[in-house]
Structure formats: structure tokens, C-alpha cells
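Heads up, the thing below is written out as C-alpha cells.
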Amino acid sequence: MDQLYLDTAASAPVRREALEAAWPYLAGAFGNPSSHHEFGRVSSEALEDARARVARVLGMRSTDIVFTGGGTEAANLAVIGMALGGLPDATASAGTDSERRHIVTSPLEHEAVLASAEYLRRRHGFAVSFVDVESDGTVTPEALRAALREDTAVVSLGYANNEIGTVADVSTLAGVAHSVGAHVHTDAVQAAGWLPLAGLGVDAITLAGHKVGAPKGIGAAAIRARIPVEPLIHGGGQESGRRSGTENVALAVAFATALELTEAERVDAARRVALIRDDFIAEVLAQVPGVILTGAQPTGSGSTRNPNHASFCFSRTSGEAVLLELERLGVTASSGSACAVGSDEPSHVLLALGIDAEVAKTSVRFTFPASITAEQGAAASAAVVEAATRLSLAFS
């Protein structure tokens with residue numbers, strides 16, 4: 001069969017509609033949106049229209065939306081920006097009892113969040129607490145409550161985990177965090193296009209354009225305008241002073257277009273793909289000895305898994321060997337996060353779930369596109385069974 005791409009958690013194909021929407025702002029309408037002439041006005045209007053469209057999908061206000069260079073920058077701005085934005089200026093009286101210098105997150109978060117928390121600890125004296133997680137990656141309200149303190153500044157918990165697919169009950173967790181006055185951020189990069197993004201009750205939500213069909217190099221941090229944010233990039237004060245630098249109008253338009261389209265298709269796509277994914281998981285679990293499903297169980301169980309996500313540890317083989325064999329059979333998947341560049345260490349997510357380090361190294365993640373058919377899903381599961389069976393014999 002043709003190569004079947006099952007790694008959309010790393011990057012989704014660029015949508016033609018997004019490219020077509022962006023093209024005018026790469027060609028004739030090339031003006032700087034901050035310029036006070038007709039060329040600038042055209043670009044500025046397109047930028048603000050894109051901002052309003054993203055805000056509508058998120059159920060937020062246009063003034064909340066900050067366009068960034070991607071999901072990592074967006075997460076850094078949300079976590080670091082809100083944490084430092086809540087501290088007094090150096091010219092004010094510092095060191096008061098009312099200062100909030102505590103961050104709560106989970107050990108399962110994307111590196112962009114974990115590194116932001118570590119930066120705040122190392123360079124700004126913040127304490128960092130990691131909430132306990134269940135074996136399927138769930139964070140319970142009770143566990144979050146136990147990690148909170150009166151001086152908690154920011155709670156950052158992902159919406160849908162990129163490696164194991166577990167979906168958090170963000171609105172409930174946000175209510176718990178707000179009870180101590182903390183600001184709440186959720187990384188929704190993997191949730192966009194699969195889960196509802198509005199009405200989560202958070203203070204900040206971050207997205208990456210290339211996960212929803214926009215080109216790489218654009219993202220958004222939606223942070224309530226009432227919340228003080230310390231910018232990471234200083235300069236001309238663009239993006240309401242939260243992110244300086246000339247805005248990428250073309251990619252902002254492409255992002256808004258792709259996000260709107262995936263949101264319009266979301267309910268039907270999530271329902272259809274989840275059924276294909278469930279059949280895929282059931283077939284692999286039934287046919288491959290020793291395989292371990294990581295994260296939440298399929299649809300219908302107690303916890304929730306992102307509709308397009310399946311992940312396993314092939315404990316009797318090698319995860320890398322499974323990937324190579326699958327590619328030979330026409331299926332492209334991944335070993336986990338594409339952001340752990342060049343690392344051969346076991347996933348920090350799987351280790352936090354209590355999975356043995358050697359078993360964690362056998363992990364393979366399958367993330368389906370919205371366009372997948374039932375026939376393709378069946379072909380993919382047959383390829384996984386064939387690859388794992390062949391390799392299991394070789395490793396035995």
C-alpha cells in the first residue's frame with residue numbers, strides 16, 4: 001500500500017486552504033502591519049481578523065490572543081510570562097509575604113512546560129511541585145489540591161498528552177487551581193482539532209499551527225488580557241506589548257484558516273476516527289503477545305484518550321526495530337515526542353507512569369489523520385501485527 005502517515009502528533013499535513021489564504025500576504029499585501037500607510041493598513045486588518053477568528057474558536061477575546069513562533073514559544077510565554085508578570089517590579093518593594101513563587105505542573109508535560117518551570121526555579125527562585133499522576137496519566141482533583149499552596153502562581157497541565165494520549169479534565173482542574181488564586185495554563189497543542197477548546201475555564205491556552213494544518217513557525221498563546229504578562233521578547237511592543245517583533249501576517253492568516261476548518265470538522269472527525277482507532281487498538285492487543293497499551297484506555301472506559309491516538313510498548317521487541325519494519329510495510333509512526341531531539345533516553349512520560357526504563361524504550365506512538373479510512377486503519381493494524389510478530393521471533 002502507499003505510505004500511510006500516522007504521526008500527526010508530530011506534524012499534520014499543511015492544508016491547501018491555509019496556503020491559499022496566506023499567499024496574498026506573501027505577495028502583493030506585504031506591508032508591515034505597524035506601518036501607518038495603506039500597505040500597512042491592509043496587513044494590520046488581516047492580522048486583526050486572524051486574531052478575532054482564533055479567539056472565536058477558543059471562546060476568548062481578540063485582546064487575549066498573542067501570535068508566536070510556535071507552540072514552544074507560546075508555552076514559555078504563558079508559564080514564564082504569567083509567573084513573572086505577577087511579581088512586583090524591582091523598583092517596588094520586593095520580597096513581601098504576598099509574592100507568589102510556586103509553580104505546579106505534572107511530570108508528564110511537554111518539554112516546553114517542564115523547561116519553563118525549571119527556568120523559573122533556577123533563575124528566579126520559584127519552587128516547583130509535580131502533581132502525582134495515575135498509572136494511565138490522569139491527574140485527579142485530589143492530587144492537584146494536595147500539590148497547591150497559598151503562594152502558587154501558575155498551574156500548567158496539558159489538555160491531551162502528546163505521548164500517551166490521555167485527556168485531562170481541564171475545567172475541573174482549573175476550578176481547583178483557582179481556589180487558591182493561581183493562574184491556569186493548559187497546553188492544547190494536541191487537543192486542537194480533536195477536543196473542544198472553548199469553555200475550559202483556564203487563564204491561558206496555547207496552540208501550534210502545524211498540528212492543525214498551518215505551516216510550521218506559527219502558534220498562539222491566548223492569555224486573558226487582564227493578567228499581567230512579562231514578555232520574553234522585548235522591542236517595539238507589538239502584540240499589545242506581550243511579544244515584540246514584526247508579526248508574521250501570512251502565517252497568522254494561515255493558522256486562523258486551518259484552525260477554523262479543523263474546528264468545523266472536529267465533532268464528526270473525532271467520532272469517526274475514534275472508532276477506527278479503537279478497532280486498531282483492539283486488533284493489536286489481541287494479536288501481539290506482550291504488547292502494552294500506554295495511557296488511557298480506548299473510548300468507553302473510565303478515562304479518556306485523544307480520539308486519534310494509540311500508543312504501545314512492544315516489550316518483546318525493540319521499538320526502533322518496529323518502526324523500521326513498519327516503514328518497510330508502508331506505515332510511518334514514531335517513538336514518541338518529536339521534540340526530544342537526538343535522545344535515546346526512555347520517555348520521561350512513560351517513566352513517570354512507572355513503566356520500566358527498558359520497556360519504555362520499546363514505545364511506539366500512532367496518531368491518525370482526520371482523513372484516515374477504516375480500510376487504512378485495518379491495514380495499519382495488520383502491518384503492526386506482522387512487524388511485531390516477525391521481530392518477536394527474531395528477538396526470542
Side-chain angles (χ1 to χ4, degrees), residues 11-78 80-81 112 187-189 191-193 197-198 204-225 227 229-266:
S11 194
V14 178
R15 299 185 66 131
R16 181 181 182 89
E17 301 97 327
L19 292 177
E20 291 176 345
W23 177 248
Y25 305 98
L26 293 168
F30 55 81
N32 188 317
S34 296
S35 296
H36 297 293
H37 47 57
E38 182 64 13
F39 288 92
R41 183 188 64 78
V42 171
S43 291
S44 178
E45 288 179 354
L47 181 67
E48 295 314 307
D49 178 66
R51 197 186 312 279
R53 291 158 65 194
V54 171
R56 280 195 294 272
V57 172
L58 299 180
M60 299 179 76
R61 298 178 179 179
S62 294
T63 51
D64 300 333
I65 308 302
V66 179
F67 287 115
T68 67
T72 291
E73 184 195 339
N76 275 248
L77 180 61
I80 298 172
D187 171 4
V189 164
L197 299 177
I205 182 170
T206 50
L207 303 170
H210 70 109
K211 311 295 188 179
V212 295
K216 299 169 187 66
I218 186 70
I223 309 173
R224 304 288 182 191
I227 297 175
V229 172
E230 178 65 27
L232 306 182
I233 300 175
H234 302 269
Q238 290 89 343
E239 298 297 287
S240 299
R242 291 177 162 188
R243 201 265 191 182
S244 292
T246 301
E247 298 94 340
N248 193 328
V249 177
L251 289 196
V253 170
F255 179 32
T257 301
L259 184 64
E260 281 185 329
L261 289 170
T262 55
E263 175 61 19
E265 300 161 357
R266 175 178 60 79

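For clarity, every value in this text was computed on a predicted model and none was experimentally measured.
Taking CD of E247 as the reference point, atom CG of L47 lies at 5.0 Å (rounded to 0.5 Å). In this structure, CG on N248 lies 11.0 Å from OG1 on T68, to the nearest 0.5 angstrom. Here CG of L197 is found 6.0 Å from CG of L207. Values are rounded to the nearest 0.5 Å. With rounding to the nearest 0.5 Å, the separation of NE2 in H210 from CZ in F255 is 10.0 Å.
Between R41 and E48 there is no salt bridge, since none of the side-chain N atoms of the basic residue sits less than 4.0 Å from a carboxylate O of the acidic one. Contact check on R266 versus E263 returns a salt bridge, with a Lys/Arg side-chain nitrogen under 4.0 Å from an Asp/Glu carboxylate oxygen.
When all heavy atoms of E17 and L261 are compared, the pair lying nearest together is CB-CD1, 3.6 Å. Pairing each heavy atom of A29 with each of V42, the nearest pair is CB-CG1, 3.9 Å. Heavy-atom minimum distance, A18 versus G213: CB-O, 3.7 Å. Annotation for A112 and N76: closest pair O-ND2, 3.7 Å, computed over non-hydrogen atoms. Closest heavy-atom contact between V253 and A21: CG1-O, 3.5 Å. A250 approaches A22 most closely through the heavy-atom pair O-CB, 3.3 Å.
Using a 4.5 Å heavy-atom cutoff, the side chains of E260 and V57 are in contact. Contact check for M60 versus R224: side-chain heavy atoms found under the 4.5 Å cut-off. The side-chain heavy atoms of E73 and T206, taken from C-beta on, include no pair separated by under 4.5 Å. Looking only at side-chain heavy atoms (C-beta outward), P215 and L251 come within less than 4.5 Å of each other. Contact of the L58 side chain with the I65 side chain is registered, since non-hydrogen atoms from C-beta on lie closer than 4.5 Å. The shortest distance between side-chain heavy atoms of R243 and F67 does not fall below 4.5 Å. A 4.5 Å side-chain heavy-atom check between T246 and P33 finds at least one atom pair inside the cut-off. Side-chain contact check for S11 versus K211: every heavy-atom pair is 4.5 Å or farther apart.
A 6.0 Å sphere centred on NE2 of H37 holds more than 12 heavy atoms belonging to other residues, nucleotides or ligands.
In this structure, the side chain of D64 engages the main chain of A225 through a donor-acceptor pair within 3.5 Å. Checking side-chain atoms of R242 against main-chain N and O of P231 turns up no donor-acceptor pair under 3.5 Å. The closest donor-acceptor contact from the side chain of Q238 to the backbone of G245 lies under 3.5 Å. Listed for the S43 side chain is no donor-acceptor partner under 3.5 Å among the backbone atoms of N32.
Between Y25 and F30, the distance separating the two ring centers is not shorter than 6.0 angstrom.
A donor-acceptor pair shorter than 3.5 Å cannot be found between the side chains of R15 and T262.
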Exercise. Given H234 and S244, is the side chain to side chain donor-acceptor pair (under 3.5 Å) satisfied, shown in steps?
Worked result: CA-CA 5 Å; H234 302 269; S244 292; over 6 Å; no
